[in-house]
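I have placed the structure first, in the form of C-alpha cells, so that the comments after it can refer back to it.
Atoms within each ligand, like the ligands themselves, are counted from 1 in listed order.
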Amino acid sequence: MSGRIEWPEGRDFAFTVFDDTDEATLENVVPVYDLLRDLGLRTTKSVWAIKGAGTPRIGGLTCEDPDYLAWTLDLQASGFEIGSHGATNVTSSRDEVARSLERFRELYGHYPGAYANHSGCEESIYWGPDRVTGVHRLIYNAMTRFSRQDTFRGHRMGDPLFWGDLCRAKIRYVRNFTYRDIDTLAACPKMPYHDPERPFVNRWFASSEGADVAAFNACLAEENQDRLEAGGGACIMYTHFASGFVRDGVLDPRFRQLMERLATKNGWFVPVSTLLDFLSERAGDPMLTASERRALERRWLLSKARVGYS
Ligand SMILES: [Zn+2]
C-alpha cells in the first residue's frame, strides 16, 4: 500500500466526522447538522439506543426520546450514518448491551457500522490501559496513577460485563487512537486494521482530535485544510458537536466559515463507515504487526502526555 490514493468519484481527499453524542440535545446539535446537510457533507452521528438505569456522569438524549429519535431517522434518510456510542450513557450489563444492539437494528435497519466507547462505561472494550500493550500499558497506568487498571471489562471473557463476542459478530469498526494532525490516514496508514492482540474487534480506526469547538476549529484551520487536500489524505474528526458548536441557538461563526470553505473543495465527504469500507477494500493484509502497533501506541501516548488527548 503506497502512493496516492485514488478516491472515488475523482475526489482529491476524504473528510468525515464521528460525533460523540455526549450531552447532545436537539437544541445544541440540530443547527450543526442543518449546516452539514446544506453543504453536502455527510458524516456519522453516534447514538445511545436505549435509556439505562441510574444517573450518567456524562449524559445526553437517548433514542427513547421520541423527537430526538425522529430527528436521527431523518438524518439517516438524508445520507448521514447513525453510529453507536455504546448501549447507553451508563454502565450496561451484557443483557443490556445485547438489548441495545437489537434495538439499534430495529430502529435503523442494521447493526452499527462504527462504534466508540463512552468514557465512564465500564463495559467499554479494550479501553483504559488495555488500549495499549506491554511497556506502553505500564506507562499508561503510571500516567493515570493505576486508577483504571480493572475498570473497563467488555473484552474480558467471564466478566459479567463481557460482550466481546457480540462486538465481533455485529460491529465492523471501533475507534481507538486519536492524533493531532488533520490527516488521520497519515497518522494511521493501515486503518482500518485488525489487531490480533484484540480479537473481539474486527477493525480499528483512528481519528483526529477535535473534542470541542475550539479544538475542532484549530484542526480545521485553513492551512490544515489545504494540506489535507494537497496530500490527498483522509480526515476522521472525533468531536462532540454538543460541546460549544451552538450557543443560544447560534452556530459558532468560525465553525461555519471553516465548513463552508472545506465544502468548496473537491473532497469525498462521506460517513465514517463508507470511508472505512472503501479503505478496507483497497488495502492488503489488515493485520497490525507488532512494530506497527508500537508506533501507533507510542505516538498516541506522547500526545496524551503533552496535551491530554482522548
Ligand atoms: Zn462519550
Correct closest heavy-atom pair for Gly40 and Phe269 would be O-CB, 4.1 Å
Electrostatic pair Asp181-Arg227, nearest N-O below 4.0 angstrom:
yes
Is there a donor in the side chain of Tyr108 and an acceptor in the side chain of Thr72, or the other way round, less than 3.5 Å apart?
yes
Quick one: report the N, O or S atom of Asp22 that is nearest to the Zn ion (ligand 1).
OD1
Measuring from the Zn ion (ligand 1), name the closest N, O or S atom belonging to His118.
ND1
Answer yes or no: is there an ion pair linking Asp226 with Arg261, defined by an N-O contact shorter than 4.0 Å?
yes
Of the N, O or S atoms in His85, the one nearest the Zn ion (ligand 1)
NE2
